[in-house]
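Here is the structure we will look at.
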Amino acid sequence: MGQTLTEKIFSNSLGRVVQAGEIVVVQPDVVMSHDSLTPGIIDVLQQDFGRNTVKFPNQLVFSFDHVAPASTVGTAENQNKVRAFAQRNNIRLFEVGRGICHQVLVEEGIAQPGFIVLGADSHSTSYGAVGAFGSGMGSTDVAAIWATGKTWLRVPETVRVLITSRFQPGVGPKDLALKIGRELTISGATYQTIEYHGLDWMPLHGRQTLCSMAVELGAKAGIVPPSGEIRRRFTVPEWLFVDEDAEYVRTLEINLDDLQPQIAIPHAVDHVVDLSTVAGMKFHQIFLGTCTNGRYEDMREAASILEGKQISDQVRMIVTPASSQELLKATQDGTLATLITAGATITTPGCGACMGRHQGTLAKNDVCLSTGNRNFKGRMGDPTSSIYLVSPAVAAASALYGVVTDPTSL
Amino acid sequence: MSIIWKFGNDVDTDQIVPGRYAPYMRPNEDVGKAAFIEAHPEFNKLAEPGDIIVAGENFGCGSSREYAVLALKRRQIGAIIAKSFARIFYRNAINLGLILIEAPQVVDELSDHDLCTLDLDENRLEVGNHIHRLPEISPFAREIVSAGGLVAYIQTNSRLPGE
Ligand code: SF4
C-alpha cells in the first residue's frame, strides 16, 4: 500500500516502514528556536536537566526575530544570554535583522526536502513548503531534544487538499490559505498533516504562505509535494514522491476558477468571508509582513498596485520584510522605492508587529489589515483592537482608498 | 471545593497569556499573574488553587508558547476539562504535568461558577449531588504526568516516553 509524504519522511528517518498512528522516537534533522523562547529553553536545560551542553550542536539553529533588535533591557539581557550560550555550545545563530526564522532556514538551505524540522514555534509547519516535515513544539519538548537529540511523535494521518486550475488576477496564495481555513475550520486538521496537491506550478513563496497557515487549522504539519521550483532549487530525495494509493482521512477539493479575494474577520482565523462582504469598511493600519506574507513577491505585488500613487492619509502602512535577503531584493528592483514613495514605512526584517510587541502595536479600538496569519483578540495590542487577515494585494488596494478595497476591482 | 471557570470554543494562547506578557518581555514578573489578564479579568483576579477550567472545542489553539500552560500551572489550576484540545497545548500540558481531560459529554452539563470536587483517582467530578464520570486519561499521557512531567520522566527512566 502507498504511503503519505509524512509516512515516507518518518520511514526514512527510522529506516523501517512507519504508518500513521504509530508513536515513534526520532532524531530530528533540525531543531529551531528563536529569541522569544530560547532563554526559557536554556533555563529548562540548565535548571531542570542540570546540564549546560547540548547533545548535537549541529542539530540546533537559533534566530533573533521576535523582538529584534531588542526593545527593552529585559529582552536585550535575554538576547545576550542566548548569544553566550550559542557561542559556548557552537550553535548557529542568525542575528537581529537577518529575518524571521521560518524564512531564514529556507533561504540558508537548512530546511531541506525530506527532513524532519522541529521548532519552538507553531508556524514551523512552514518548512513543508520545501517538502520537509515541519512542526512546532513547546520549550520543554525542545529542551529534551537539546539534552537527548531525540523526541517522541505520533505519526499523523493526512488530509489531502486538491487544488485545480489557476488563480484569477488579483487573487493569490493567501486567499487560498484563507479559503482552506474557511472550509476546514480552525480545528479541522488537529493532529493531522495537510498535503496540498495540484500545485506543481506554484512558486516557493506561495507554498510558504500555505504551509505557514496549516497550523491555524490545528495541523501538526503542512506539506506541498516538492515539485517545480523546489526541484530546481533543492535536492529532492528520490523516495519523496506522491503515491497514488496513499491513504488520506479526507480530501477537500478547491477550484481556483471560483476563488475570490478572502478576508478573515475578528477574532478567529476561520471567520473567513468573501472580501466583498466587508468592502468599504474603514481601518487605521496596514501591516505587510510576517512568515506568511512578508517576502519579496508580497512586497512586489503591493508595489505594483501602489506604483505612482499615494496611500490614503487616513491610514498608515507598515512594511516589515521577512528577511534581509527579501529586503535586499526589494531594494534592487525599485520595489522598496515605490512603497516608500507611496507613503509606506519600512521596518527591520523580522516578526515586527505580528505579536503586538513592537513596531506597530495597536491602540484601543484600532483596526488593522494584516497580511499575517492570526487575528486572535489582542494579539497585536490592546484587546479592543481588531485584526483582519488579507492578501498583500488586498492590503495595497485598501491602502490607496483607506477603506477595504477589492484589488480585482481596480 | 473548587470553582468551575467556564470558557467557550477555540480559547487561543493569546487569550491565555498575550505575547506582550511573555517571560521574555517581563523576565522578573511571575507569568502566573498574566493568566487571562485581558480575556477574563475576573478569572485573573479571583482564580484559586484547585479551581477547574471547563471549555469547549480546541482549547489552547494558536502558538507554541509553553508559558500559557506554565501560567495556569503557577495558578495551580486543578485540571482543564474540555471537549477537545489543540495539539501543541496538549503536549505542553503533559510535559509540565498539568491535567487535561477530554470529556465532550460532560462539558455541556457544567456551568460557570459551579462548585465542584474533582477526584482524579476515581475519574469523577462531583457538582452538588450530581456525579459526572470522566473518561480515563490516555495511558501514554498519564505515564508522563505521573512521573511529574517530561523532564522528570527522562531523568527517572533514562529514556524518552515511547522509546
Ligand atoms: S512572523 Fe508572526 S507568526 Fe511568523 S514566526 Fe514571527 S511572530 Fe510567529
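Proteins get letters first, then strands, A, B, ... in listed order; numbering begins at 1 in each.
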Select all residues of residues 76-87 of chain B having any heavy atom within less than 4.5 Å of some heavy atom of chain A, and report them by number, or 'none'.
B/F85, B/A86, B/R87
Taking all atoms of both residues into account, what is the closest heavy-atom pair of A/A144 and B/I154, and its distance?
CB-CD1, 3.7 Å
Is chain A contacted by the side chain of B/F89, its backbone, both, or neither, given a heavy-atom distance below 4.5 Å?
neither
Mind checking whether A/F49 and B/Q155 have side chains closer than 4.5 Å, heavy atoms only?
yes
Could you tell me which portion of B/I94 (side chain, backbone, both or neither) has an atom closer than 4.5 angstrom to a non-hydrogen atom of chain A?
neither
What part of B/L96 lies closer than 4.5 angstrom to a heavy atom of chain A: side chain, backbone, both or neither?
side chain
Let me know if B/P27 has heavy atoms under 4.5 Å from chain A in its side chain, its backbone, both or neither.
side chain
Can B/E38 and A/K377 be counted as an ion pair, charged N to O under 4.0 angstrom?
no
At a 4.5 Å cut-off on heavy atoms, which part of A/S36 comes close to chain B: side chain, backbone, both, or neither?
both
Relative to chain B, which segment of A/A120 carries a heavy atom at a distance below 4.5 Å: side chain, backbone, both, or neither?
backbone
With a strict 4.5 Å heavy-atom criterion, list every residue of residues 40-65 of chain B that contacts chain A, or say none.
B/N58, B/C61, B/G62, B/S63, B/S64, B/R65
Chain B contact via A/V24 - which portion, at a heavy-atom distance below 4.5 Å:
neither
Kindly compute the distance separating CG (B/N92) from OG (A/S139), expressed to the nearest 0.5 Å.
7.0 Å
With only heavy atoms counted, which part of A/I186 is less than 4.5 Å from chain B, the side chain, the backbone, both or neither?
both
The side chain to side chain donor-acceptor pair (under 3.5 Å) partners of B/Y153 (sequence neighbours excluded) come to B/E143, B/R159
Sort out for me which residue in A/R374, A/R379, A/H267 forms a side-chain hydrogen bond (donor to acceptor under 3.5 Å, both in side chains) with B/D14.
A/R379
Sub-4.5 Å side-chain heavy-atom contact between B/R91 and A/L153:
yes
Are more than 12 heavy atoms, taken from residues, nucleotides or ligands other than A/Q19, located less than 6.0 Å from that residue's CD atom?
no
Can you sort out the partners of B/N157 under side chain to side chain donor-acceptor pair (under 3.5 Å), two or more places apart, ordered by chain and number?
none
Over all heavy atoms of both residues, which pair between B/I88 and A/S122 is shortest? Give the atoms and the distance, please.
CD1-CB, 3.9 Å
Backbone of A/G378 reached by a side-chain donor or acceptor of B/R20 within 3.5 Å
yes
Examine whether an atom of A/D35 lies under 4.5 Å from a heavy atom of chain B, and if so say whether it belongs to the side chain, the backbone or both; otherwise answer neither.
both
Among A/Q79, A/M137, A/M355, which has the most heavy-atom pairs under 4.5 Å with chain B?
A/M137
Quick one: do B/I144 and A/W152 satisfy side-chain contact (heavy atoms from CB on, under 4.5 Å)? Show the steps, please.
CA-CA 12 Å; B/I144 302 171; A/W152 69 271; 4.3 Å; yes
Beyond-backbone contact of B/M25 with A/S71, side-chain heavy atoms, under 4.5 angstrom
yes
Can a donor-acceptor pair be found between the side chains of B/N95 and A/D141 at a distance below 3.5 Å?
yes
Under the side-chain contact (heavy atoms from CB on, under 4.5 Å) criterion, do A/K150 and B/E163 qualify, and how do the steps go?
CA-CA 10 Å; A/K150 292 176 292 187; B/E163 196 167 10; 2.5 Å; yes
State, yes or no, whether a side-chain contact exists between A/R357 and B/Y24 at a heavy-atom distance under 4.5 Å.
yes
Which answer fits A/T190, side chain, backbone, both or neither, if we ask what part of it has an atom under 4.5 Å from a heavy atom of chain B?
side chain
Can you tell me if NZ on A/K81 sees more than 12 non-hydrogen neighbours from other groups inside 6.0 Å?
yes
